Number of protein chains: 2
Amino acid sequence: MQSDCKQCPFNSKAAATLSDCSFEQLSENHLVLSFKKGDSIIKQGMYSTNVVFLRTGLAKIHLQGPYHEQIVRVVKSPTYLGLPTTFGDKINQYSVTAITEAEVCFIDVHVFQKILNENREFSNEIIIELCQNELESFHRCANRTQKLIRGNMADALLEFADKIFISDTFTIPLSQAELANLVDTSRESVSRVLTEFDKDGIIKMTGKKIEILNKKSLKMISQNG
Amino acid sequence: MQSDCKQCPFNSKAAATLSDCSFEQLSENHLVLSFKKGDSIIKQGMYSTNVVFLRTGLAKIHLQGPYHEQIVRVVKSPTYLGLPTTFGDKINQYSVTAITEAEVCFIDVHVFQKILNENREFSNEIIIELCQNELESFHRCANRTQKLIRGNMADALLEFADKIFISDTFTIPLSQAELANLVDTSRESVSRVLTEFDKDGIIKMTGKKIEILNKKSLKMISQNG
DNA sequence: AAGCCTTTGTGATGTGCATCACATTATATA
DNA sequence: TATATAATGTGATGCACATCACAAAGGCTT
């Protein structure tokens with residue numbers, strides 16, 4: 001399925017700088033697919049020659065660690081995915097899986113490269129995004145390894161509220177086992193910490209729904225133990 | 001101090017694609033400085049409008065974590081540093097410190113940006129490098145958090161041997177306290193593990209010099225506990 | 001609604017490693 | 001050469017968290 005990229009409401013900031021000609025190339029050389037929760041969008045170890053643009057929905061970036069699956073981060077549309085594969089050896093070094101319904105554009109590498117070369121602003125935006133990712137990785141990694149579980153769980157909840165859902169009430173589209181892989185703990189610890197937070201009146205859990213009642217406390221926990 | 005960049009023997013793969021004109025711009029708009037071990041090249045929190053090219057020597061990329069300093073990784077010349085600062089808010093988000101004698105070129109951002117825009121190959125190379133960094137970060141982070149100390153120490157030693165010094169005998173230009181910040185442990189654990197490895201005949205320590213005697217064992221330890 | 005599989009809650013137990021504490025050895029400085 | 005300072009080695013202790021082991025509850029499927 002093709003579509004007119006210029007009309008796409010999820011046109012990224014980077015894409016906004018493209019020439020009409022480039023838009024046309026994009027429109028004619030991409031594929032839009034729909035994914036259901038749990039569907040694999042990018043699979044670690046597989047060959048691929050597409051750049052992926054997550055148009056709508058949420059996804060998890062994850063990879064096989066030495067002992068268990070590791071969720072690197074949760075991403076929100078609109079965003080590009082799989083750039084390292086595209087510019088590397090074409091073998092996906094990580095997986096991306098939809099954690100909500102999602103629409104995804106697959107763009108052929110050669111087209112993407114061509115557009116990149118013909119649009120300076122666009123390639124600058126891509127570089128900027130990659131740099132931001134690098135910084136985020138650094139800080140995320142330092143935090144995860146230095147903080148205790150309660151701190152990391154607090155961070156995760158705050159990120160869902162402030163970055164992903166932009167709301168203090170949300171339903172995390174991950175099981176506790178997945179949360180554990182995101183926060184670097186065991187499933188059991190996730191359960192324990194969440195019920196602790198609930199008992200302390202910091203959050204309110206109703207089924208899988210979470211409401212943050214006391215953001216200040218969460219931030220305190222994030223900073224101390 | 002200026003110099004002719006085209007003659008620079010540490011001309012990166014990326015730079016090799018530059019036009020003569022760009023080389024001239026580079027030559028006229030950069031500064032070469034020498035650093036001694038321990039000197040700060042980039043300082044977290046400081047304003048900066050320079051891209052840094054590490055021409056010779058080794059450096060550590062490090063940042064302030066929530067509880068203690070964290071060494072993100074050790075880098076080897078030739079390599080660019082501080083790109084995220086350049087393309088971000090111009091405030092350094094991490095520090096870089098020389099861990100051996102080092103020569104460094106400071107290139108003005110505007111010149112660098114201009115060269116980037118005028119040389120597609122060059123900007124492609126930069127994108128590729130950033131993508132590789134991202135992948136490396138992912139894997140490094142997954143390993144560090146999942147493996148036990150012995151495994152992480154083994155990885156560190158293997159990296160020094162295979163990636164940094166390209167030799168099984170080397171002197172790590174870091175104190176054990178710094179190694180601890182690199183490997184996510186305590187100084188004491190670093191000491192204990194190293195003496196363990198030495199007693200087991202896996203490495204031979206002579207002062208600060210380390211000789212890897214049994215690389216197979218190190219790889220085993222890296223994979224298991 | 002019955003049965004099955006997945007997800008979640010919670011106690012009991014064990015352990016890897018941080019932390020503390022101090023001895024010992026290198027390195028720098030006067 | 002003496003003296004302060006930093007870097008290392010090594011034991012003893014404690015604790016955060018993984019792991020194990022079930023029970024309970026939700027969500028499927030037929």
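All chains are named by letter (A, B, ...) in the order of the sequence lines, taking the proteins before the strands, and each is independently numbered beginning at 1. Computed from a prediction, not measured in an experiment: that's the story for all the values here.
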Measure from [atom1] on [X] to [atom2] on [N] and round the result to the nearest Å.
X: B/R187; N: D/dT10; atom1: CZ; atom2: C1'; answer: 10 Å
X: B/K147; N: C/dC17; atom1: NZ; atom2: C1'; answer: 18 Å
X: B/D184; N: D/dA16; atom1: CG; atom2: P; answer: 19 Å
X: B/M205; N: D/dT10; atom1: CE; atom2: C1'; answer: 13 Å
X: B/M153; N: C/dC17; atom1: CE; atom2: P; answer: 12 Å
X: B/L174; N: D/dA7; atom1: CG; atom2: P; answer: 12 Å
X: A/L194; N: C/dG9; atom1: CG; atom2: P; answer: 7 Å
X: B/L148; N: D/dA16; atom1: CG; atom2: C1'; answer: 15 Å

Scan [X] against the nucleic acid and name what it touches under 4.0 Å (heavy atoms): base, sugar-phosphate only, or nothing.
X: B/S189; result: sugar-phosphate
X: B/S175; result: sugar-phosphate
X: A/S186; result: base

Would you please indicate if the ring centroids of B/F112 and B/F53 are separated by under 6.0 Å?
->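 Here the rings of B/F53 and B/F112 have centres that are no less than 6.0 Å from each other.
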Residue A/T185, side-chain atoms from C-beta onward, closest of C/dT10, D/dC17, D/dT10 |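 Per side-chain heavy atoms of A/T185, the pick is D/dC17.
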Looking only at side-chain atoms of B/T195, point me to the closest of D/dG9, D/dA18, C/dG9.
->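 Between D/dG9, D/dA18, C/dG9, the one nearest the side chain of B/T195 would be D/dG9.
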Angle class for the B/F35/B/F106 ring planes (parallel below 30°, perpendicular above 60°, tilted otherwise)?
->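 The rings of B/F35 and B/F106 sit tilted, inter-plane angle from 30° to 60°.
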When rounded to the nearest 0.5 angstrom, what distance separates CG in B/N50 from SG in B/C105?
->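 Answer rounded to 0.5 Å: 11.0 Å.
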Spacing of CD belonging to B/Q223 relative to CG belonging to B/D155, to within rounding of 0.5 Å |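 Output value for this atom pair is 9.5 Å.
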Answer yes or no: side-chain N or O of A/R192 and base N or O of D/dT19 forming a donor-acceptor pair under 3.5 Å.
->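 Answer is yes: a donor-acceptor pair is held.
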Side-chain N or O of A/K208 closer than 4.0 Å to phosphate OP1/OP2 of C/dT7 =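 Checking A/K208 against C/dT7: no side-chain N or O falls below 4.0 Å of OP1 or OP2.
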Within the structure, does a side-chain N or O atom of B/Q176 lie under 4.0 Å from either OP1 or OP2 of D/dG9?
->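 Looking at the OP1 and OP2 atoms of D/dG9, one of them is under 4.0 Å from a side-chain N or O of B/Q176.
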Within-4.5 Å side-chain heavy-atom neighbours: B/V74 and B/F160 |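 Sidechains of B/F160 and B/V74: in contact.
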